[in-house]
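Worksheet for the structure shown next.
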Amino acid sequence: MKRIAIGLALGMVGALAAPQWTGAAGVVQAPALRGAVPGQTTTWYFYKVRWGFQDEFLDLFQKNHYPVLKARMDAGYYASIRTYQPRYHGDGRADWTFAVELVVREGAAGVPTEEEVIGKLYPDQTTFRREERRRFELLEAHWDVPLTPVDFESRRRN
């Protein structure tokens, strides 16, 4: 699993040099890490959903987790939230079925914690926790990739 994550991270680094473009139906081809912005950290969160359960996973993510992310972005914690799914399955590289790119603003003050947002948005905690448990039951794998940009313009070469 670790080897897959490393290979995927290296493959995604290759995508950084490629321009981002939008294909048919407005689908973004590849995530692109723009230049490093001081005070911001980008992390990609990858999910591999069990075959046949992608729609259920997306429904639960949209209902229970995306509103939490959005509330924290509105409060200033995230600079951006972007979500992706591969255009095709079985292309030999798509060992993930859903990805989220979160850009965190470092040092954002007064931002509610995730737990505080969840408590406010979901008064029925029993249902919320049951649905979140189900969302994770649908996964075969999940991993996070915090990114460090490489600036080749200022990088010293030995």
Side-chain angles (χ1 to χ4, degrees), residues 1 4-6 8-23 25-49 53-87 93-125 127-151 153-154:
M1 185 58 157
I4 292 170
I6 290 169
L8 182 60
L10 291 174
M12 294 302 255
V13 169
L16 301 178
Q20 177 180 332
W21 61 278
T22 304
V27 176
V28 175
Q29 283 294 113
L33 180 64
R34 307 217 191 313
V37 176
Q40 293 186 354
T41 302
T42 300
T43 302
W44 289 335
Y45 299 83
F46 292 94
Y47 301 85
K48 182 172 184 179
V49 180
F53 292 93
Q54 178 76 0
D55 288 339
E56 183 181 358
F57 177 85
L58 292 176
D59 289 345
L60 289 169
F61 188 95
Q62 184 176 11
K63 178 182 179 190
N64 291 322
H65 195 57
Y66 181 73
V68 174
L69 298 175
K70 181 79 169 92
R72 296 194 78 210
M73 185 172 80
D74 292 346
Y77 183 70
Y78 295 118
S80 69
I81 302 166
R82 297 172 67 178
T83 56
Y84 302 93
Q85 59 186 16
R87 179 175 294 220
R93 294 173 292 138
D95 57 349
W96 54 277
T97 50
F98 183 66
V100 179
E101 176 191 76
L102 298 177
V103 179
V104 174
R105 289 188 175 112
E106 302 293 327
V111 176
T113 65
E114 188 170 305
E115 292 77 21
E116 291 170 331
V117 171
I118 289 168
K120 183 178 179 181
L121 290 177
Y122 302 100
D124 182 354
Q125 287 291 298
T127 299
F128 173 80
R129 294 196 192 294
R130 182 182 66 244
E131 290 177 347
E132 281 296 273
R133 232 182 349 265
R134 175 63 182 157
R135 181 168 67 96
F136 279 92
E137 288 171 359
L138 301 175
L139 297 178
E140 288 182 11
H142 169 64
W143 62 97
D144 307 338
V145 182
L147 302 172
T148 301
V150 176
D151 180 359
E153 296 302 318
S154 63

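Along the sequence shown, residues carry numbers from 1. Side chains included, hydrogens not; waters and symmetry mates left out as well; all remaining heavy atoms used. Worth saying up front: this structure is predicted, and the values here are computed from it rather than measured.
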| message | Strictly distance-based, threshold 3.5 Å: is any side-chain N or O of Arg72 a donor or acceptor partner for the main-chain N or O of Pro112? | response | yes
| said: If the condition is side chain to side chain contact (heavy atoms under 4.5 Å, CB included), which residues does Lys120 pass it with, not counting sequence neighbours? | reply: none
| Heavy-atom check, side chain of Phe128 versus side chain of Leu121, under 4.5 Å | no
| Heavy-atom pair of closest approach, residues Tyr78 and Leu69 | CD1-O, 3.6 Å
| remark: Residues Glu132 and Asn64: closest non-hydrogen pair is OE2-CB, 3.3 Å
| query | How about Glu137: does its CD atom have over 12 heavy atoms from other parts shown lying under 6.0 Å from it? | reply | yes
| remark: For Gln62 and Pro67 the tightest heavy-atom approach is O-CD, 3.1 Å
| task | Determine, step by step, whether Glu106 and Thr41 satisfy the side-chain hydrogen bond (donor to acceptor under 3.5 Å, both in side chains) criterion, reporting the C-alpha distance in whole Å, the side-chain angles of both residues, the deciding distance to 0.1 Å, and the verdict. | result | CA-CA 7 Å; Glu106 302 293 327; Thr41 302; 2.4 Å; yes
| task | Check whether any side-chain heavy atom of Val150 sits under 4.5 Å from a side-chain heavy atom of Thr148, and report yes or no. | result | no
| said: For Val111 versus Ala75, what's the shortest heavy-atom pair and its separation? | reply: CG2-O, 3.6 Å
| Taking all atoms of both residues into account, what is the closest heavy-atom pair of Leu147 and Pro149, and its distance? | O-CD, 3.9 Å
| request: Could you go through the side chain to side chain contact (heavy atoms under 4.5 Å, CB included) check for Tyr122 and Val68 one step at a time? | output: CA-CA 10 Å; Tyr122 302 100; Val68 174; 3.9 Å; yes
| message | Checking the side chain of Gln54 only, and the main-chain atoms of Thr97 only, is there a donor and an acceptor separated by less than 3.5 Å? | response | yes
| query | Using 30° and 60° as the class limits, which term best fits the ring planes of Phe98 and Phe61: parallel, tilted or perpendicular? | reply | perpendicular
| message | Among Arg135, Arg134, Lys63, exactly one meets salt bridge (Lys or Arg N to Asp or Glu O under 4.0 Å) together with Glu56. Which residue is that? | response | Arg134
| message | With a 4.5 Å cut-off on side-chain heavy atoms, are Ile118 and Gln125 touching? | response | yes
| N/O donor-acceptor pair under 3.5 Å between His142 side chain and Phe46 backbone | yes
| query | side chain to side chain contact (heavy atoms under 4.5 Å, CB included) with Thr127: which residues, sequence neighbours excluded? | reply | Asp124, Arg130, Glu131
| Any Tyr66 side-chain heavy atom under 4.5 Å of Ile81 side chain | yes
| query | For the atom pair CZ (Phe57) and CG (Asp59), what is the distance rounded to the nearest 0.5 Å? | reply | 11.0 Å
| Residues in side-chain hydrogen bond (donor to acceptor under 3.5 Å, both in side chains) contact with Arg105, at least two apart in sequence or another chain | none
| query | Quick one: are Thr43 and Val104 in side-chain contact, heavy atoms under 4.5 Å? | reply | no
| request: Taking the side chain as every heavy atom from C-beta outward, state whether Glu101 and Thr42 have any pair of such atoms under 4.5 Å apart. | output: yes
| field | Tyr47 and Val100: CA distance, side-chain angles, deciding distance, side chain to side chain contact (heavy atoms under 4.5 Å, CB included) verdict | value | CA-CA 9 Å; Tyr47 301 85; Val100 179; 4.0 Å; yes
| Can you find a heavy atom in the side chain of Trp44 that is under 4.5 Å from one in the side chain of Pro146? | no
| query | Any side-chain heavy atom of Trp96 within less than 4.5 Å of one from Trp143? | reply | yes
